[in-house]
Amino acid sequence: VQLQACGGGLVQPGGSLRLSCAGSGALFVFDMGWYRQAPGQQHELVARITATGNRNYADSVKGRFTISRDNAKRTTYLQMNNLKPEDTAVYYCQANRGNADYWGQGTQVTVSS
């Protein structure tokens, strides 16, 4: 499994971005997640969608971020609305199945005026 994340950038507070994570392999059996790490902060789970479509979110992004997946395209998305400066971080996508974890490279999201 290989994952490629993209879609980050610089956006003003209140703006939106959509991150994409495209992969290879049988991703439809994997749970997919987006994590982020800000400078000096721990790696944290942002959102997760299971192979069966169940979603969960960090409290800090509930109501603003939406995770989705298109299994035919082997792509997972993170729609981020009403972005705040505290959302600034490097965002990583992850595929997980049991003890198997695969990570994409990070994509930088910067929220600043």
Side-chain angles (χ1 to χ4, degrees):
V1 172
Q2 292 185 324
L3 302 173
Q4 178 94 18
C6 64
L10 172 64
V11 63
Q12 293 186 343
S16 298
L17 283 174
R18 188 176 80 156
L19 305 183
S20 299
C21 175
S24 62
L27 287 180
F28 65 94
V29 299
F30 284 79
D31 297 342
M32 301 297 298
W34 285 98
Y35 288 74
R36 68 186 180 188
Q37 187 165 25
Q41 301 293 320
Q42 290 193 346
H43 209 220
E44 65 167 342
L45 174 66
V46 176
R48 184 174 178 84
I49 183 167
T50 67
T52 55
N54 294 318
R55 297 170 172 84
N56 61 283
Y57 299 91
D59 287 343
S60 59
V61 307
K62 282 180 181 176
R64 301 188 297 121
F65 290 11
T66 302
I67 189 170
S68 61
R69 63 192 297 166
D70 184 332
N71 289 331
K73 294 183 178 179
R74 298 173 180 169
T75 301
T76 302
Y77 304 97
L78 184 68
Q79 177 66 43
M80 305 186 294
N81 297 329
N82 190 21
L83 282 159
K84 302 177 181 181
E86 51 264 42
D87 295 317
T88 295
V90 178
Y91 285 70
Y92 300 87
C93 61
Q94 179 221 36
N96 170 261
R97 187 183 186 200
N99 292 325
D101 273 336
Y102 301 92
W103 293 88
Q105 89 293 357
T107 185
Q108 176 71 47
V109 171
T110 302
V111 185
S112 175
S113 55

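Source: prediction; values computed, not measured. Count residues from 1 along the sequence.
A pairwise comparison of heavy atoms in Ser16 and Gln79 identifies CB-NE2, 4.0 Å as the closest pair. Residue Leu27 comes nearest to Ala95 through the heavy atom pair CD2-CB, 4.2 Å, listed as atom of the first residue, atom of the second, then distance. Summarising the geometry of Arg55 relative to Ile67, their closest heavy-atom pair is NE-O, 2.8 Å, with the distance given to 0.1 Å. Across Gly106 and Val90, no two heavy atoms sit closer than the pair CA-CG1, 3.6 Å.
Note that the CG atom of Leu19 and the OG1 atom of Thr107 stand 6.0 Å from one another [nearest 0.5 Å]. Interatomic distance, CD of Gln41 versus OG1 of Thr88, reported as 11.5 Å (0.5 Å rounding). Distance check: Met32 CE to Thr75 OG1 gives 9.0 Å after rounding to the nearest 0.5 Å. Here Ser60 contributes atom OG and Glu44 contributes atom CD; the two are 5.0 Å apart, rounded to the nearest 0.5 Å. Between the CG atom in Leu10 and the OG atom in Ser113 there is a gap of 9.5 Å [rounded to 0.5 Å].
Proximity of Met80 to Asp87: side-chain heavy atoms (C-beta onward) are nowhere separated by under 4.5 Å. The closest side-chain heavy-atom distance from Thr66 to Tyr57 is below 4.5 Å. With contacts defined as side-chain heavy-atom distances shorter than 4.5 Å, the pair Leu17/Val109 qualifies. Between Gln94 and Tyr35, the closest side-chain pair of non-hydrogen atoms falls below 4.5 Å. Proximity of Pro85 to Ser112: side-chain heavy atoms (C-beta onward) are nowhere separated by under 4.5 Å.
Side chain of Gln105 to main chain of Ala5: a donor-acceptor pair is present (N/O by atom type, distance under 3.5 Å, no hydrogens or angles). Of the possible donor and acceptor atoms, none in the side chain of Asp59 sits under 3.5 Å from a partner among the backbone N and O of Val61. Within the 3.5 Å criterion, the main-chain N or O of Asn82 finds a donor-acceptor partner in the side chain of Arg64. Between the side chain of Asp31 and the main chain of Ala51, a donor-acceptor pair closer than 3.5 Å is present. The backbone N or O of Lys73 sits less than 3.5 Å from a side-chain atom of Asp70, completing a donor-acceptor pair. Side-chain atoms of Arg69 come within 3.5 Å of backbone atoms of Thr50 as a donor-acceptor pair (strictly under, hydrogens ignored).
The aromatic rings of Trp103 and Tyr92 sit perpendicular to each other, their planes meeting at more than 60°, with 30° as the lower class boundary.
For the residue pair Tyr91 / Arg36, a side-chain donor-acceptor distance below 3.5 Å is found, with atom types taken as modelled. Counting only N and O atoms by type, the side chains of Asn54 and Arg48 include no donor and acceptor under 3.5 Å apart.
Using a 4.5 Å cut-off between side-chain heavy atoms of Ile, Leu, Val, Met, Phe, Trp and Tyr, with links allowed through other members, Leu45 and Ile49 fall into different hydrophobic clusters. Taking hydrophobic clusters as Ile, Leu, Val, Met, Phe, Trp and Tyr residues chained together by side-chain heavy-atom distances below 4.5 Å, Leu3 does not share a cluster with Tyr77.
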Could you give me the CA-CA distance, side-chain angles and deciding distance for Trp34 and Phe65, then say whether ring pair (Phe, Tyr, Trp, His ring centres under 6.0 Å) is met? CA-CA 11 Å; Trp34 285 98; Phe65 290 11; over 10 Å; no
Gln12 vs Val111, test: side chain to side chain contact (heavy atoms under 4.5 Å, CB included). Steps then yes/no. CA-CA 5 Å; Gln12 293 186 343; Val111 185; over 6 Å; no
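Counting non-hydrogen atoms of other residues, nucleotides and ligands closer than 6.0 Å to CD of Gln2 gives a total of 12 or fewer.
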